[in-house]
Every structure is written in C-alpha cells, then in structure tokens.
Amino acid sequence: MSDLEAVSLKLEARGHRVTPSRRAVIAAALQQAGHFSVDDLLHRCRGAGRATVFRTIRLLTELGVVCRVLLDDGSLHYRVSERTQHHHHLVCTGCGGVRDLDECAVSDLVRELSNASGYEIEGHWLEFYGQCAACRTQTVSAGVPA
Ligand SMILES: [Zn+2]
Ligand SMILES: [Zn+2]
Ligand SMILES: [Zn+2]
C-alpha cells in the first residue's frame, strides 16, 4: 500500500495537491529502509525546501503511511509504518532498529487517568528502548558484561 502512486492518489483524494517536489519527498521517504529525519530527506531531495518536506511528512503521518519515532537521544525521526493505527515502538539502542508494536498497551491507563483527573486525554508518547535479540547476542559473544 506504500507505493508512490497509491500514496499520491490517497493524498489527492483528500484534496491535497501532489506537486513534483512533494512527489520527490514521498518517493525519498518510501525508499528509506530504516528511520529517517527531516534533514535526511532534505539531503535526498535537493529541489524541495524544508517547509515542503515538513508539510509532506505531516501529510504522510496523517495518512498513516509514515509514523513518528522518538529516539532515546530525544530526536524525532520517521519511518514507513507497518500500522495505520496509533501504536508504539521497540527501539534498539545498539543497531537503531525499530519495530512497530501491534497495538497501544496503555488504553486502560489512559481511560483511568482521564476519569481520575478530569482531563480529556488527546495523546501520549510511549517508546521502549533496549537491545534487540541480535545486539544482545553480539554483546554476549564479545564478552562484555551485561
Ligand atoms: Zn539491535
Ligand atoms: Zn511505527
Ligand atoms: Zn498508545
């Protein structure tokens, strides 16, 4: 579902114009194997300005084509998403690998918090950081204590 034509059609169906520079940004985003920053896309699409890259990435995020990943150094990256719904991530601090989790595990907590505080909760961030299985194996075989 994440190919360039399908994404362009979806954007147009929502009334967004897909200009050549937006197209270039979408193509560059879809080609990224891992997670990427706005600066990464700027480097790859020299014809597109920062505002165009930001705006296009926001549209892709709204479509669920791309999701936002908060890295453990506090920087915000994006990745081509395997989920269109709200979800969280497992982020490996060793190799930088990211996995989309199936579903939100804290929806009960959000409901309880809302009831207890009177807030209408509109969103939350929750990412999990650690070493993936492959990185853990490497650490063990290198003899580095855990
Ligand atoms: Zn890893
Ligand atoms: Zn994701
Ligand atoms: Zn959630």
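Both ligands and their constituent atoms are indexed starting at 1 by order of listing.
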Closest H124 atom to the Zn ion (ligand 3) [N, O or S only]: NE2

Polar side-chain atom of Q131 near backbone of R136 as donor-acceptor pair, under 3.5 Å: no

At the Zn ion (ligand 2): angle between H89 atom NE2 and H87 atom NE2, to 10 degrees: 110°

Option passing side chain to side chain contact (heavy atoms under 4.5 Å, CB included) with V66 (candidates T56, L60, I26): L60

D100: its N/O/S atom lying closest to the Zn ion (ligand 2) (atom name): OD1

C104 atom SG and H88 atom NE2 as seen from the Zn ion (ligand 3), angle to 10 degrees: 110°

Aromatic ring pairing H88/H124, orientation class (parallel under 30°, perpendicular over 60°, tilted between): parallel

Under 3.5 Å side-chain donor-acceptor pair for D39 and S37: no

